[in-house]
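What follows is a set of notes on a single structure, which appears directly below.
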Amino acid sequence: MRDLDVGILSVLENDKLVGVITDRDIVVRFLASGLSDKHVRVGDVMSTQVLMCFENQTIADAAATMGDYQIRRLPVCDRAERVIGMLCLDKIAEDYSEHLAGETLGEIVETRNLPNWADWRR
C-alpha cells in the first residue's frame, strides 16, 4: 500500500473478490490490537462485506452506491465478478465531475443509519 500510495487493496480467492483491506482496517483491527505481525494474516483484518460496481455501470450509479453506503472506494468488476479496477472518490472529482464527487462526499460524511448490506445489489 505504501509503495503504490493507495489506501485499499482487493483480496481475491480464485479470481473472485472476497474482501478488501484498507489502511483503516490495518490501524483499527491490527495495530490497535497489539497482535504480533507474525500471526496475523490479511484475512484476519480485511473487510468481508464488500460492495462493488460493474464496469458497464454509470459513474453516477457507482457514486450513488458510494453515497448510500458511505464509502470512498469501490472495486470495479466485470460480470464474472473479477476485479478490474478501483473507483475512488478523488478520481470521480479529477476525471468526471467535481460536482458529483462533492455531492457524494456530502452523503459519505453525513451522520445516519446505513442501509442493509444484504440489499446492496438491488
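Because the structure is a prediction, the values reported are computed rather than measured. The basis for the numbers below is simple: all heavy atoms, side chains too, and nothing from hydrogens, waters or symmetry mates.
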Inset, instruction - Please confirm whether the backbone N or O of Q70 pairs with a side-chain atom of E107, one donor and one acceptor, at under 3.5 Å? - result: no
Legend entry - Backbone N/O of A80 and side chain of D78: donor-acceptor pair under 3.5 Å: yes
Inset, instruction - Please say whether more than 12 non-hydrogen atoms of neighbouring residues, nucleotides or ligands are located less than 6.0 Å from CZ in R73. - result: yes
Legend entry - Note, V109 side chain near R72 side chain (heavy atom, < 4.5 Å): yes
Inset, instruction - Applying side chain to side chain contact (heavy atoms under 4.5 Å, CB included), run through N56 and R79 and close with a yes or a no. - result: CA-CA 9 Å; N56 62 345; R79 283 294 167 181; 3.2 Å; yes
Legend entry - Flag side-chain contact, heavy atom, 4.5 Å: I92 against M66: yes
Inset, instruction - Give the C-alpha distance, both sets of side-chain angles, the deciding distance and a yes or no for side chain to side chain contact (heavy atoms under 4.5 Å, CB included) between D15 and E81. - result: CA-CA 8 Å; D15 291 330; E81 295 188 9; over 6 Å; no
Legend entry - Whether D68 side chain and T65 backbone form a donor-acceptor pair below 3.5 Å: no
Inset, instruction - Taking side-chain hydrogen bond (donor to acceptor under 3.5 Å, both in side chains) as the test, write out the residues that go with K91, two or more places apart. - result: D95
Legend entry - Side-chain heavy-atom pair P75, V50 within 4.5 angstrom cut-off: yes
Inset, instruction - Return the set of residues passing side chain to side chain contact (heavy atoms under 4.5 Å, CB included) with T58 (not counting sequence neighbours), or none when no residue passes. - result: A60, D61
Inset, instruction - Could you list the residues that satisfy salt bridge (charged side-chain N to carboxylate O under 4.0 Å, His left out) with D90, not counting sequence neighbours? - result: none
